[in-house]
Every structure is written in structure tokens, then in C-alpha cells.
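Everything on this sheet refers to the single structure shown next.
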Protein chains: 2
Amino acid sequence: MPNQPNISSDADSESASGTLRRIEGDACCDGPFPATRRVEETALDAELSSFKALANAKRLKIVHALREGELCACELETVLDAPQSTVASHLRKLRDAGVVNTRKEGKWTYYRIADTASLQLLDLAAALGEDR
Amino acid sequence: MPNQPNISSDADSESASGTLRRIEGDACCDGPFPATRRVEETALDAELSSFKALANAKRLKIVHALREGELCACELETVLDAPQSTVASHLRKLRDAGVVNTRKEGKWTYYRIADTASLQLLDLAAALGEDR
DNA sequence: CATGTATATCGGTATATCTCGATTTAACTT
DNA sequence: AAGTTAAATCGAGATATACCGATATACATG
């Protein structure tokens with residue numbers, strides 16, 4: 001375990017790290033401060049499952065296609081140009097993660113982005129990709 | 001390859017799927033329509049790398065901790081309660097994906113969320129997790 | 001320059017995810 | 001009911017990612 005990035009003891013306190021406000025003393029990770037930043041496991045689960053669902057090229061391609069409106073599973077086979085079983089398993093994961101919803105109509109199953117939050121997430125992520 | 005979810009030929013055209021506008025004829029995936037929805041590979045890469053970076057419990061924990069401000073690597077060891085090499089490799093991935101930036105000060109390396117877009121993404125994802 | 005400390009990288013193993021043919025299920029058609 | 005088609009599930013091999021001890025690097029300080 002390390003020891004300290006103590007800021008206010010040296011002469012260059014205000015120079016590069018003026019925005020920091022750290023505890024005094026000789027401890028970084030022994031201090032009380034980082035412990036209070038530990039995040040609860042459960043709160044991240046829903047978030048994590050969304051990110052996991054979108055962390056795959058084929059699934060990302062699917063949700064991009066679905067931003068313009070719903071499509072049925074067979075149409076998504078064309079979008080991905082992949083075998084039916086492959087597409088089906090990706091759709092399963094998107095559904096389990098709550099990113100997409102399904103609507104069954106006869107033989108066909110239509111997929112669409114589940115909610116506006118997911119849509120926003122995708123829009124923001126797309127914007128993020130633009131300027132890099 | 002499948003065949004068709006042709007809408008406008010049956011009696012129940014307007015009932016359940018009134019919002020759809022599909023081509024006439026006998027083709028679903030053979031029609032010209034889904035092909036135009038194929039997404040270019042390269043445009044998704046930046047997006048994908050961000051999602052991949054966030055699709056891991058430990059890394060998600062890191063960025064959550066960083067939302068309140070920058071932290072040095074040793075402090076993040078405390079946050080994750082994981083060996084130094086494990087934390088370092090996760091930080092590497094977040095950095096490579098452009099999610100976090102680093103600032104070196106003496107022995108210490110400080111990490112922070114890279115840009116406002118990434119921060120927005122995290123906020124939105126957090127909000128998404130709330131109502132599920 | 002020798003020592004201590006923070007962090008990065010390496011390398012091998014463990015674990016998870018992806019892929020896709022084969023099979024099953026469900027729904028329409030004749 | 002038999003045949004056809006869309007989609008879901010299964011299972012096993014291929015690929016990728018996570019983990020973490022060991023080692024290397026970088027910086028500070030005696």
C-alpha cells in the first residue's frame with residue numbers, strides 16, 4: 001500500500017494542483033478520505049448491465065439501426081450479415097439488459113429501443129464518438 | 001434467410017403495427033430497405049471503446065469515484081480494494097479509451113474524468129439505473 | 001548513489017464472452 | 001395434420017478479458 005500525495009506541505013502547493021483539497025498528514029490511502037468514496041456494489045448493477053450490453057460491435061450496430069425505428073429479427077440479420085443464431089443471442093442480451101423491447105406479431109418479433117433514457121444514452125455516446 | 005413481415009397486404013395492417021411503413025411485396029430481408037440501414041463500422045469504434053471501457057464492475061466503480069473529482073492511483077486502490085497491478089491495468093484501459101485523463105505530479109499520478117461528454121454519459125447511465 | 005515508494009508492464013492462468021451449426025419452439029398456411 | 005418459416009435455445013470450440021504475482025520504471029530523499 002502506498003503512502004501520500006500530500007499537497008499543502010510543499011512550496012508548490014498552489015501551482016499545479018490548486019484545485020485539490022487533501023487531508024494533512026502522512027497518509028494517502030490510510031487516511032479516512034478515500035474510504036468514504038467507496039461505491040455500493042448494487043447501485044452499479046443496472047448501469048453495468050447496460051454498458052455490457054452495448055460493449056459489443058454487433059449489438060451496437062443493432063441499436064444504431066433501431067434508433068430510426070423498430071425492426072424485426074430477420075431484418076436485423078441483414079443489418080449484421082450474421083447467422084440467425086448469432087443475431088438471436090445478441091438480441092437476447094440486449095433484451096435482458098433492458099436496452100430493447102420486443103413486440104410479437106405472428107411469426108415475427110419486432111425489436112425497438114426500450115425507453116427514452118436508453119435512446120439518450122445512445123445519442124450522447126454517438127456525439128462522444130464524433131470529436132475524437 | 002427469412003422472408004417477410006409485410007404489413008400492408010393484410011386486413012390488420014393498421015391495427016397493431018400502424019407506425020410501420022414497409023415495402024410491398026414478398027420480401028423482408030431481400031427488400032432494399034434494411035440494407036440502407038447498415039451502419040458503417042468505423043463510426044462506431046470510438047463509441048464502442050467507451051462502452052467497453054465502462055463494461056466492467058471495477059472500472060465503473062473507478063469512474064463513479066472520479067465523478068466527485070480527481071484521485072491518484074493509490075487512492076483508487078483503496079476504492080477497489082484490489083492489488084496494485086489490477087488497478088493499474090484497469091486505469092490503463094480507461095485511459096486508452098479516452099474516458100479518463102492523467103496528470104503526473106512527482107511520484108503520483110492523478111486520474112480524472114476526461115471530458116464533459118464522458119461525465120454526461122455517466123450521469124445519464126446513473127439515472128438510467130435508478131428506475132429499474 | 002543507495003533506498004523507499006508509486007505506478008506501469010509482463011506473463012501465465014482463470015474466467016467470461018462470442019460464434020454458429022443443430023435442434024426446438026411457435027405460429028402461419030394449405 | 002403436415003409442411004413451412006421465424007425465432008429461440010443448446011452446446012462446444014474459439015476468442016477475449018480479467019486477475020495478480022513478479023518485475024521494471026520513475027521519482028524522491030537520505
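Atom set for the values below is all heavy atoms of this structure, side chains included, hydrogens, waters and symmetry mates excluded. A quick note: this is a predicted structure, and the numbers were derived from the prediction, not measured.
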Given atom NZ of B:Lys107 and atom C1' of D:dC27, what is their separation to the nearest angstrom? 8 Å
Ignoring hydrogens and geometry, is there a side-chain-to-backbone donor-acceptor pair from B:Glu75 to B:Cys72 under 3.5 Å? yes
Residue set satisfying salt bridge (Lys or Arg N to Asp or Glu O under 4.0 Å) with B:Arg92, at least two apart, ordered chain then number -> B:Asp96
I need the CG-C1' distance between B:Asp96 and D:dT17, as an integer number of Å. 14 Å
For the residue pair B:Leu54 and B:Leu94, what are the closest heavy atoms and their distance? CD2-CD2, 4.5 Å
With B:Asn101, which residues qualify under side-chain contact (heavy atoms from CB on, under 4.5 Å), at least two apart? B:Arg112, B:Ala114
Could you tell me how far apart B:Leu48 (CG) and D:dT17 (C1') are, to the nearest whole angstrom? 14 Å
Of the nucleotides C:dA8, C:dA22, C:dA27, which has the atom closest to the A:Gln84 side chain? C:dA22
Sugar-phosphate means primed atoms, P, OP1 and OP2; the rest is base. With that split, encode nucleotides 10-19 of chain C 5' to 3' as B, S or - using protein heavy atoms under 4.0 Å. -------SSB
What residues form a side-chain contact (heavy atoms from CB on, under 4.5 Å) with A:Thr109, not counting sequence neighbours? A:Thr102, A:Lys104, A:Tyr111
Would you please confirm or rule out a distance under 4.0 Å between OP1 or OP2 of C:dA8 and any side-chain N or O of B:Arg92? no
Please give, in whole Å, the distance from C:dG21 C1' to A:Glu77 CD? 14 Å
Residues in side-chain contact (heavy atoms from CB on, under 4.5 Å) contact with B:Ala88, at least two apart in sequence or another chain: B:Gln84
Could you walk me through whether B:Val79 and B:Ile62 pass side-chain contact (heavy atoms from CB on, under 4.5 Å), step by step? CA-CA 7 Å; B:Val79 171; B:Ile62 289 173; 5.8 Å; no
Give me the distances for all protein-to-nucleotides 1-3 of chain D N/O pairs that come in under 3.5 Å?
none

Applying side-chain contact (heavy atoms from CB on, under 4.5 Å), can you list everything that pairs with A:Thr86, at least two apart in sequence or on another chain? A:Lys58, A:Ala82, A:Pro83, A:His90
Interatomic distance where CG belongs to A:Leu91 and C1' belongs to D:dT9 [whole Å]: 14 Å
Side-chain donor/acceptor of A:Arg59 to backbone N/O of A:Lys52, under 3.5 Å: yes
Counting just side-chain N and O atoms, does A:Tyr111 come under 4.0 Å of either OP1 or OP2 of D:dA8? yes
